[in-house]
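Reckoned from all heavy atoms, side chains included, excluding hydrogens, waters and symmetry mates. Order of the sequence lines sets the chain letters (A, B, ...), proteins ahead of strands, with each chain counted from 1.
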Amino acid sequence: MIDKRNLLVEMDAIEKWYGPTKILDKVDFKVSRGEVVVLIGPSGSGKTTLLRCINHLETVQGGRILVNGKPIGYRITNDKLVEDSERNVALQRRDVGMVFQRFNLFANMTVLRNITIAPKLLRGLTQAEAEAEARTLLARVNLADKENSYPHELSGGQQQRIAIARALAMKPALLLFDEPTSALDPEMVGEVLAVMKDLATSGMTMVVVTHEMGFARQVADRVVVMASGHIIEEGTPEEVFENPQHPKTQALLNSVLH
Amino acid sequence: MIDKRNLLVEMDAIEKWYGPTKILDKVDFKVSRGEVVVLIGPSGSGKTTLLRCINHLETVQGGRILVNGKPIGYRITNDKLVEDSERNVALQRRDVGMVFQRFNLFANMTVLRNITIAPKLLRGLTQAEAEAEARTLLARVNLADKENSYPHELSGGQQQRIAIARALAMKPALLLFDEPTSALDPEMVGEVLAVMKDLATSGMTMVVVTHEMGFARQVADRVVVMASGHIIEEGTPEEVFENPQHPKTQALLNSVLH
Amino acid sequence: AGLPDAIASSKTLTFCSALSQPPLEFVDENQTPVGADIELGDELAKRLDLKTKWINIPFSGLIPALQAGQCDAILSQLFIKAPRLEVIDQVPYAWSQEILAFKKGSPVVDDPVEMSGKKVASVTGTTATVLLEQANEKLKAEGKAPITIVEFPTGTAAFQQLMIGQVDAYGASFEIGQYYDQHNPGEIVTGSKPFYKILTGIGVRKDEKGLSKALEEQFALMMKDGSYAAIYKKWGIESDMLDAPMPTQPAN
Amino acid sequence: MHFDWPYFWHQLLTPGDKFLTGLGLTVSMALCAEIIGLVLGLVIAQMRLSRPRPLRAFASLYIWAIRGTPLLVQIVFIYTGLAAAGIMRFRDFTLFDITVSGSVQAGIIALGLHEAAYMAEIFRSGIQAVDRGQFEAAKAIGMPPSMMMRYVVLPQALRVVLLPIGNQFNILLKNTTLVSVIGVSEMMLVTETINSATFRTFELYSVLGLYFLMLTSLWTLFMRWAEKRLELSSRGTATR
Amino acid sequence: MHFDWPYFWHQLLTPGDKFLTGLGLTVSMALCAEIIGLVLGLVIAQMRLSRPRPLRAFASLYIWAIRGTPLLVQIVFIYTGLAAAGIMRFRDFTLFDITVSGSVQAGIIALGLHEAAYMAEIFRSGIQAVDRGQFEAAKAIGMPPSMMMRYVVLPQALRVVLLPIGNQFNILLKNTTLVSVIGVSEMMLVTETINSATFRTFELYSVLGLYFLMLTSLWTLFMRWAEKRLELSSRGTATR
Ligand SMILES: Nc1ncnc2c1ncn2[C@@H]1O[C@H](COP(=O)(O)OP(=O)(O)OP(=O)(O)O)[C@@H](O)[C@H]1O
Ligand SMILES: Nc1ncnc2c1ncn2[C@@H]1O[C@H](COP(=O)(O)OP(=O)(O)OP(=O)(O)O)[C@@H](O)[C@H]1O
Ligand SMILES: [Mg+2]
Ligand SMILES: [Mg+2]
């Protein structure tokens, strides 16, 4: 099922501790180019933590993470992993976009500036180029008319779509979503999911933590189930949803679907 | 209907302004000894303000308030009303107990101390006398076992019953209640209303602002309806509830009862 | 060696002085430094073809300021004393005498020891403070009550405390006491006899022998041509004049 | 650079009597001034929150004037200025065998008056942090203002004001150095005096700085401990 | 009591050139020190919040030592102590025709270093008040720390720090009086020298106090105005 040469994310035997508590216990997790992976699991199972390890927003205490074939957050010096400088990690993160539950748009900037700032500063675009790209992206998320608004003037659903556009503006190889719709009022969930579906269809590699089972069923190439810091089950949406093997998966699906 | 000699509260042509806004507009309001008056009216109509004028927690800009035949908050000097000192007002307030929506028990004192402090300091009781009285009152509000608790350790219903006991400890001639149950979870409303009914039955003079129409029906001698700073209607509960005269009263009853 | 480079290039000689010690150094109503030491310093500099600059520093801060390079020399009735000579050189130019100043009406005594149990003001870091402390040692040995020494950062503050009556006496130099006595007639009575006399000198950093040499030479010339005497006469302190030029201390 | 280590260690570890007396004076002046500041500050805070206009105006004026002018100016003004104008002269007095000189009195009073303005603002914000309902309940039950303050409001304000009061005391400790200008032989003036005989300014002021660092750090540690205790005790009541 | 009213009014309304120069020096020293304090304070705040342990430790040590010792001691230490130990000597220099004397330089530096410790704490709390999500979003998009600070965090922290910075500047203005001890002719030392010729302490220090009151009050008014403007402008964006 997994084609080694085509791997975009390769996590091997990841261990993560918070103080004395083990949060991730030798987790192996791989994502191929173009794949859409949905991550589900009960609260506290480590989904957010796993996601945040991919772009090194969390440090790990054991194991190895390769993004695009290169280790992230660590350099290999004399065969030993050495934590990399913030500056180098920042470079590596440009390939990995992230969309947060609470949107986290830059509160001091207009929508347009939110989207253009990173491409200008980090991809070296001119103001005009960055704005042109930003307007294309805004059109894509159906918010062409909001470029001069400030985040606090927008609804949650609008903010989340801007957040997606902002992430796309860096032309990442991979997008991470951490419950992108769970802070939204129900009437806004649809507009965000529509944008995500559109992305998936266009071939973007995505890892999505979500409780939206409908989305998973329609869009996911693979569903991965976590519990207490382990991956307990994975497979196509059909396999996992119709025929769950692990009793915890069954319990989870029961609670989410009803 | 009103026996002049028996009046406990006599408010004549009360005017109250907040800055440029008139809150009470020439309100006449009288309460006889032993009477239970329930005050209803839409939000912002001035019920709380009227109640707080009775014990001079609010100043008035016109009119006259007598409690027990004596003016409150003002002295008559050379035939003119002069605002009284805080110290004198404090003396006059001892005859008027008040129970607040948010209980306002003294947060730094145990239940017992909440009840005994004023009688000790103001009525000159000894510690032993004050405690004996307090225990009787605690038994009356069914909280004999809570005397050493602090307010934040009690439920809202318990706190409100303590607040009633605290007010009673000063042996007031009159008790004012400002929506005593509206900050309570529904399951606690009953226990507070029960104590209030008991008080009413025992002959205590009470003015109660409340939305509990059942209570008004059962206990009130008179229901007074306010709207926009005026008293628009009054009468027995039967008269007001069964046969409201003023269209605003009808609208109010519709919204409260349904 | 000639003058230090910094002086030669800026053409300015900078003095540190506690400008609260009339008639030697103080400020007039226009806030300009005046006094016998000031005139002496200006004249010495003129003869070296230099301008002067005066920096007002509390007395106790003078030597630190010199060490810190805030100025090239100290001209501020700085007595020549062994501990000072360990850290700086001094070019002698006059005598000084110590007295106790009293307010009119107070009993006048000649010896600090007689101030037992009383309060005496002095300026932090001056010899008066040291002399008062020595008197206290003596009093202690005799089992008598010590003098309460109250130190102030400036002579002005100390003098003012005396005028206001918050101290009983002010341990000062004879010259200062005499000046206040003349300028506040009837307010001050100086102690009848100076109880201490000491050589006074210009302070110079030890590593600037060129400057001390130059000052020493010019001072000798001033003595010869009478301009030295003229300054001291003008300020009424002829009794402090040196009889003959003396070498820079410590001599070696 | 030449740092005289032996001299430094000597001064640090075996300070002379004069220095220790200065240390004692620093601490005791700070404590006395703090007491004045607390009492007067409380009074002024009450005035600021009281009804009569003249009282309120006076309190505001006091706070504005004291907080708007430098402490150093206040110290000289009180000690020398008042005496020069013939208004007030600080005379030595002896209490239980301890003679308190006029300059020490003036210093304590100047520091205390200064502290009071800051304390008044701290108390005011503490009192205003108490829930309005507590005031109303106390009034409604018939307590006169003084009783309400004493039994209901101040005990509840205490928690809020403790930390800022502690920080302010730390500032006061450091401010005692300013009274050296009126001839009070606290640590700074003693150091100055020693310096004028030895000229080891760097070493001496390092020692002085370390002593102050010790005083202020000890006080900070004490405050942390007190805060933790208070927290524990309140948690105690919360779960009783 | 004898108060010389004519003299008082004369000094207040027609202060001499020297006094006005002193006033100018007071204000310009405060401004220069504030700039040093702001820049250095920002650097130290960043160090305190940064990852490398030695940087963090240095920043904490700096803040602790400066806040734990009296400013007066710091001033003397920097001006006299450093020179006495042969570490640093402040020399006059001339810039655009203005000669800045060594003592003024030392004063500005001492005040600036002092201010920096307080500014560092203000900036730190301002930065910590910014929502964590803003940091994470900036990191996730690939901004290195310096860029994140400059474009995302500091602009948002600004609002929180403005008021405490303003208050701190008021304190700084008053603290300039302390440099009179190293012979800087700011307002206080000028007053002192005038006093040494006239001994009208009470009147002179009243005038000095009033000038300071004017300075600090003007600054307070300016701050209120600035705050209101900021509020209005933000309300503007909120309802756009
Ligand atoms: N900063 C932290 N310090 C200590 N423990 C943490 C921290 N962050 C997360 N945890 C713990 O790590 C575990 C995994 O957390 P994580 O947020 O990854 O779970 P999750 O699967 O995303 O849950 P949810 O569905 O609630 O978001 C939980 O037990 C959580 O309590
Ligand atoms: N402190 C105040 N300042 C200005 N206006 C006030 C203040 N307190 C009350 N008001 C106004 O006075 C009017 C009457 O208020 P009041 O609280 O007496 O009404 P109410 O009948 O008790 O309403 P509710 O049922 O909501 O408690 C309202 O319009 C209210 O906005
Ligand atoms: Mg999560
Ligand atoms: Mg109400």
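Between D/Pro144 and B/Leu122, some side-chain heavy-atom pair lies under the 4.5 Å cut-off. For the pair D/Ile141 and B/Met98, the minimum side-chain heavy-atom distance is 4.5 Å or more. Side-chain contact between D/Ser50 and B/Glu86 is absent, with no heavy atoms from C-beta onward closer than 4.5 Å. Looking at heavy atoms from C-beta onward, D/Tyr151 lies in side-chain contact with B/Arg113 at the 4.5 angstrom threshold. Looking at heavy atoms from C-beta onward, D/Met143 lies in side-chain contact with B/Ile117 at the 4.5 angstrom threshold. Inter-residue side-chain proximity for B/Met109 and D/Val152 is flagged as met; some heavy-atom pair is nearer than 4.5 Å.
Although no hydrogens or angles enter the test, the distance criterion places no donor-acceptor pair under 3.5 Å between the side chain of D/Glu136 and the main chain of B/Leu57.
Both the backbone and the side chain of B/Arg166 come within contact range of chain D, each with at least one heavy atom under 4.5 Å from a heavy atom of that chain. For a residue to count as touching a neighbouring chain, one of its non-hydrogen atoms must lie under 4.5 Å from one of that chain's; by this rule B/Asn108 touches chain D with backbone and side chain alike. Using a 4.5 Å cut-off between heavy atoms, B/Ser149 does not touch chain D at all.
A salt bridge links B/Glu83 to D/Arg51: at least one charged side-chain nitrogen sits closer than 4.0 Å to a carboxylate oxygen.
More than 12 heavy-atom neighbours from other residues, nucleotides or ligands sit within 6.0 angstrom of CZ on B/Arg135. The environment of NZ in B/Lys197 is crowded: more than 12 heavy-atom neighbours from other residues, nucleotides or ligands sit within 6.0 Å. Within a 6.0 Å sphere centred on CZ of D/Arg89, heavy atoms belonging to other residues, nucleotides or ligands number more than 12. Around the CZ atom of D/Arg56, the shell of radius 6.0 Å holds more than 12 heavy atoms that belong to other residues, nucleotides or ligands.
Residues D/Gly142 and B/Arg94 share a closest heavy-atom pair of O-NE, 3.8 Å. Summarising the geometry of B/Phe106 relative to D/Ala137, their closest heavy-atom pair is CE2-CB, 4.0 Å, with the distance given to 0.1 Å.
To the nearest 0.5 angstrom, D/Lys139 atom NZ is 12.0 Å from B/Asn104 atom CG.
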